[in-house]
Protein chains: 2
Amino acid sequence: MTSKISPTKYSISDLSKEFDITTRSIRFYEDQGLVSPARKGQTRIYNQRDKVRLKLILRGKRLGFSLAETGRLFELYDVDKTSAKQLNSIMELIHNKKRDLTQQLEDINAVLIELNDLEDNCQETLRTLETK
Amino acid sequence: MTSKISPTKYSISDLSKEFDITTRSIRFYEDQGLVSPARKGQTRIYNQRDKVRLKLILRGKRLGFSLAETGRLFELYDVDKTSAKQLNSIMELIHNKKRDLTQQLEDINAVLIELNDLEDNCQETLRTLETK
DNA sequence: TAGGAAGTTTACGTTAACGTAAAGGTTGCT
DNA sequence: AGCAACCTTTACGTTAACGTAAACTTCCTA
């Protein structure tokens, strides 16, 4: 049996509400080539794929990716018929991204440790203040 | 015996070379109140503390912190004699930062998994290209 | 049929984090 | 003395990622 799935059709304001971003941002992402919704007349109509892309864009932003970088990552997924040359440059790109992210993991862990220390200090100070 | 430590005195170009940033950036960070080097006449003289701060600024940037956010974190360390009220707002700030960073950890792990998948695909495609 | 809600394009404005250039002071050779 | 290598301040320019406003269309409904 074929699986019927969710509505798969969204207006721009549907998505702006769901992701808590402005319609301006969504149109801007389109301008930058990160999404390309269908049109019904003038009106944009977004499908599941567009929605997923928005989610990925936002995740990218949380990680400090520029929109251009996120766009590059999107391209990676659309690669089916590529030359070996391109494949190698793609793998280099992937390698660099992995390197950056691994560095970020270290950074985050370090900062989390520091924040926990700070938190402990604060709580202790609070306790001594209350005892008095 | 007292431990003699490293030079602890740096010129602006020393640090710009060491951290691979421009002197313009370093002066800008000063402008934003993130470092405050001593002066000998007009000339800036940086010490160990300044150097550490630069390192932290750069780590913050890797994590997508704005200079203002990093500045807030610096302030947290200078807190000794603070009121309970301030302590609570500080702890809230810490809490939010921890929340963000934890989210980032999840994001990074997700992206790393995807990148590994992509890498595998690329390598497999490369192998099939070579076999032919 | 008048108006409101949601959509559109076009275009100028804004903020952060510097880049870049101009104009000049200080030190150290040679 | 001259100039090269640093340092300084001042100030305008630049890019990314939108914000904001104007002017317009389309659809719904009271």
Side-chain angles (χ1 to χ4, degrees), chain A residues 7-47 50-51 53-75 97 100 104 107, chain B residues 7-47 50-51 53-75 97 100 104 107:
Chain A
T8 223
K9 297 287 169 195
Y10 312 93
S11 75
I12 194 167
S13 57
D14 288 345
L15 295 182
S16 86
K17 279 165 197 159
E18 176 154 356
F19 290 113
D20 194 30
I21 55 181
T22 66
T23 60
R24 174 68 176 90
S25 296
I26 298 179
R27 292 195 192 95
F28 182 73
Y29 300 150
E30 181 178 348
D31 230 53
Q32 305 302 302
L34 297 186
V35 287
S36 26
R39 297 274 182 148
K40 182 181 177 180
Q42 288 273 77
T43 305
R44 291 165 173 83
I45 299 186
Y46 298 84
N47 59 23
D50 298 320
K51 189 173 163 184
R53 286 209 163 196
L54 276 183
K55 195 171 184 174
L56 294 177
I57 290 171
L58 298 182
R59 191 182 64 186
K61 287 178 65 82
R62 288 198 302 272
L63 292 180
F65 288 22
S66 71
L67 295 181
E69 284 181 310
T70 299
R72 300 266 295 279
L73 289 179
F74 283 171
E75 288 173 25
K97 270 299 163 204
D100 290 354
Q104 275 201 45
D107 288 340
Chain B
T8 224
K9 297 289 169 196
Y10 312 94
S11 76
I12 194 169
S13 57
D14 286 346
L15 294 182
S16 87
K17 280 165 198 161
E18 177 155 355
F19 290 114
D20 194 30
I21 56 182
T22 65
T23 59
R24 175 68 176 92
S25 297
I26 298 180
R27 292 197 192 94
F28 182 73
Y29 300 150
E30 180 178 348
D31 229 54
Q32 304 302 302
L34 296 187
V35 285
S36 25
R39 297 275 181 145
K40 182 182 177 179
Q42 287 272 77
T43 306
R44 291 166 173 83
I45 299 187
Y46 299 84
N47 59 23
D50 298 319
K51 191 174 161 184
R53 286 210 163 193
L54 276 182
K55 195 171 184 174
L56 294 177
I57 290 171
L58 298 182
R59 191 182 65 186
K61 286 180 65 82
R62 288 198 302 271
L63 293 179
F65 288 22
S66 70
L67 294 181
E69 284 180 310
T70 299
R72 300 268 294 281
L73 289 178
F74 283 172
E75 287 173 24
K97 270 297 162 205
D100 291 353
Q104 275 201 43
D107 289 340

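Note on naming: letters A, B, ... go to the chains in the order of the sequence lines (proteins, then strands), and numbering restarts at 1 for each one. Just so it is clear, the values below take in all heavy atoms, side chains as well, and ignore hydrogens, waters and symmetry mates.
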note = Whether each nucleotide of nucleotides 13-28 of chain C has a protein heavy atom under 4.0 Å at its base (B), only at its sugar-phosphate (S) or at neither (-) is summarised, 5' to 3', as ----BBBB--------
For nucleotides 6-9 of chain D, tabulate all protein N/O to nucleotide N/O atom pairs closer than 3.5 Å, reporting atom names and distance.
residue : atom : partner  : partner atom : Å
dC7(D)  : OP1  : Ser11(B) : OG           : 3.4
dC7(D)  : OP1  : Ser13(B) : N            : 3.4
dC7(D)  : OP1  : Ser13(B) : OG           : 2.6
dC7(D)  : OP2  : Ser13(B) : OG           : 3.4
dT8(D)  : OP1  : Arg44(B) : N            : 2.9
dT8(D)  : OP1  : Arg44(B) : NH1          : 3.0
dT8(D)  : OP2  : Arg27(B) : NE           : 3.1
dT8(D)  : OP2  : Arg27(B) : NH2          : 2.5
dT8(D)  : O5'  : Arg44(B) : NH1          : 3.3
dT9(D)  : OP1  : Arg39(B) : NH1          : 3.1
dT9(D)  : OP1  : Arg39(B) : NH2          : 3.2
dT9(D)  : OP2  : Arg44(B) : NH1          : 2.8
dT9(D)  : OP2  : Arg44(B) : NH2          : 2.7

task = Would you mind building the protein contact string for nucleotides 23-28 of chain D? One character per nucleotide, 5' to 3', B for base within reach (heavy atoms under 4.0 Å), S for sugar-phosphate only, - for untouched.
result = ------
Test side chain to side chain donor-acceptor pair (under 3.5 Å) applied to Ser16(A) and Ser13(A), step by step = CA-CA 5 Å; Ser16(A) 86; Ser13(A) 57; 5.6 Å; no
query = Within 45° of the six-membered ring axis of Tyr10(B) and under 6.0 Å from that ring's centre, is NZ or CZ of Lys17(B) located there?
reply = no
ask   = Just how far, in rounded Å, is C1' of dT8(C) from NZ of Lys40(A)?
value = 16 Å
query = Which of these passes side-chain hydrogen bond (donor to acceptor under 3.5 Å, both in side chains) with Asp107(A): Gln104(B), Lys61(B), Arg59(B), Arg62(B)?
reply = Arg62(B)
query = Does any non-hydrogen side-chain atom of Phe65(A) lie less than 4.5 Å from one of Leu73(A)?
reply = yes
query = Which pair of non-hydrogen atoms, one from Leu34(B) and one from Ile57(B), has the smallest distance, and what is that distance?
reply = CB-CD1, 3.8 Å
query = Got a sec, which residues hit side-chain hydrogen bond (donor to acceptor under 3.5 Å, both in side chains) with Asn47(B), two or more places apart in sequence or on another chain?
reply = none
message = Tell me every residue that passes side chain to side chain contact (heavy atoms under 4.5 Å, CB included) with Arg72(A), counting only those two or more places apart in sequence or in another chain.
response = Leu93(A)
query = Under the salt bridge (charged side-chain N to carboxylate O under 4.0 Å, His left out) rule, what pairs show up with a residue in residues 31-43 of chain A, not counting sequence neighbours?
reply = Glu30(A)-Arg39(A)
Closest non-hydrogen atom pair between Ser11(B) and Tyr46(B), with its separation = C-CD1, 4.1 Å
query = With a 4.5 Å heavy-atom cut-off, do Ile26(B) and Phe19(B) have their side chains touching?
reply = no
